[in-house]
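The block underneath contains the structure these notes are about, expressed in structure tokens.
Everything numeric in this text was worked out from a predicted model, so none of it was measured.
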Amino acid sequence: DRGRAALDQGEFQAAADLFAAFSRAYTGGPLTGEAHFLRGEALAQMGETANAARAYLEAFSGQPNGPRAADALLRLGQSLADLGQVQEACVTLAEVGTRFPNASAALEANSSMQSLGCQ
């Protein structure tokens, strides 16, 4: 809750640190995927794209069918694109629609793929 409050208040470094500490303390817990995802959001706000991508990957890998899985995969793909890894981004974004066709993240992934010129 403190991490979420810090994120909501724009205290991105504090939020990232709190979510990282939570993830270390509760490895594999039911809220760990959420903590990884929100750490990614905080890191992205600070411009730490590579670290944000790692956090999104951890969020997805830890709970590939969890409540944040589609969003984590979407954000991972978008982060890869921001890092100039367009081919990997296209593959990752395509996976959002394949795994989560009814999620709103699938629509956003499709839009991102179009803007990247994915095949």
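Annotation for Arg4 and Leu38: closest pair NH1-CD2, 3.7 Å, computed over non-hydrogen atoms. Of all non-hydrogen atoms in Met46 and Ala16, the two that sit nearest each other are CE-CB, 4.3 Å. Nearest approach of Gln63 to Gly29, heavy atoms of both residues: NE2-O, 3.7 Å. Pairing each heavy atom of Pro101 with each of Ala106, the nearest pair is O-CB, 4.0 Å. Considering all non-hydrogen atoms of both residues, Leu116 and Leu93 come closest at CD1-CD1, 3.8 Å. Of all the heavy atoms in Ala81 and Ala89, the pair that sits closest is N-CB, 3.5 Å.
Phe19 and Leu57 end up in the same hydrophobic cluster when Ile, Leu, Val, Met, Phe, Trp and Tyr side chains are linked at under 4.5 Å. A continuous path of Ile, Leu, Val, Met, Phe, Trp and Tyr side chains, each step under 4.5 Å between heavy atoms, connects Val96 with Met113, placing both in one hydrophobic cluster. Both Leu43 and Phe12 sit in one connected hydrophobic cluster of ILVMFWY residues. Membership requires side-chain heavy atoms under 4.5 Å apart, directly or through other members.
Among pairs with a residue in residues 71-115, those fulfilling disulfide (SG to SG under 2.5 Å) read Cys90-Cys118, at least two apart in sequence or across chains. Listed by first then second residue, pairs satisfying disulfide (SG to SG under 2.5 Å) with a partner in residues 29-75 number zero, not counting sequence neighbours. Listed by first and then second residue, the ring pair (Phe, Tyr, Trp, His ring centres under 6.0 Å) pairs involving residues 77-99 amount to none (not counting sequence neighbours).
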- What's the verdict on side-chain contact (heavy atoms from CB on, under 4.5 Å) for Phe22 and Leu31, showing C-alpha distance, side-chain angles and the deciding distance? CA-CA 9 Å; Phe22 181 91; Leu31 296 176; 3.8 Å; yes
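To the nearest 0.5 angstrom, Leu107 atom CG is 9.5 Å from Asn102 atom CG. Atoms CD and CD, on Gln119 and Gln87 in that order, are 9.0 Å from each other to the nearest 0.5 Å. Within the model, atoms CZ of Arg54 and OG of Ser61 stand 13.0 Å from one another, a figure rounded to the nearest 0.5 Å.
By the ring-ring contact (aromatic ring centres under 6.0 Å, His included) test, Phe37 pairs with Tyr56, sequence neighbours left out. For the ring-ring contact (aromatic ring centres under 6.0 Å, His included) test, no residue two or more places apart in sequence or in another chain qualifies with Phe100. In this structure, the salt bridge (Lys or Arg N to Asp or Glu O under 4.0 Å) partners of Arg99, at least two apart in sequence or on a different chain, are Glu95.
The pair Glu108-Arg75 meets the salt-bridge criterion, since a charged nitrogen lies less than 4.0 angstrom from a carboxylate oxygen.
Counted by atom type alone, Asp17 and Gln13 present one or more donor-acceptor pairs between their side chains at under 3.5 Å.
Between the side chain of Ser115 and the backbone N or O of Ser112, at least one donor-acceptor pair lies under 3.5 Å. Side-chain N or O atoms of Thr49 include none that pairs as donor or acceptor with a backbone N or O of Ser79 at under 3.5 Å.
Atom CG of Asp1 has 12 or fewer heavy atoms from other residues, nucleotides or ligands within 6.0 Å.
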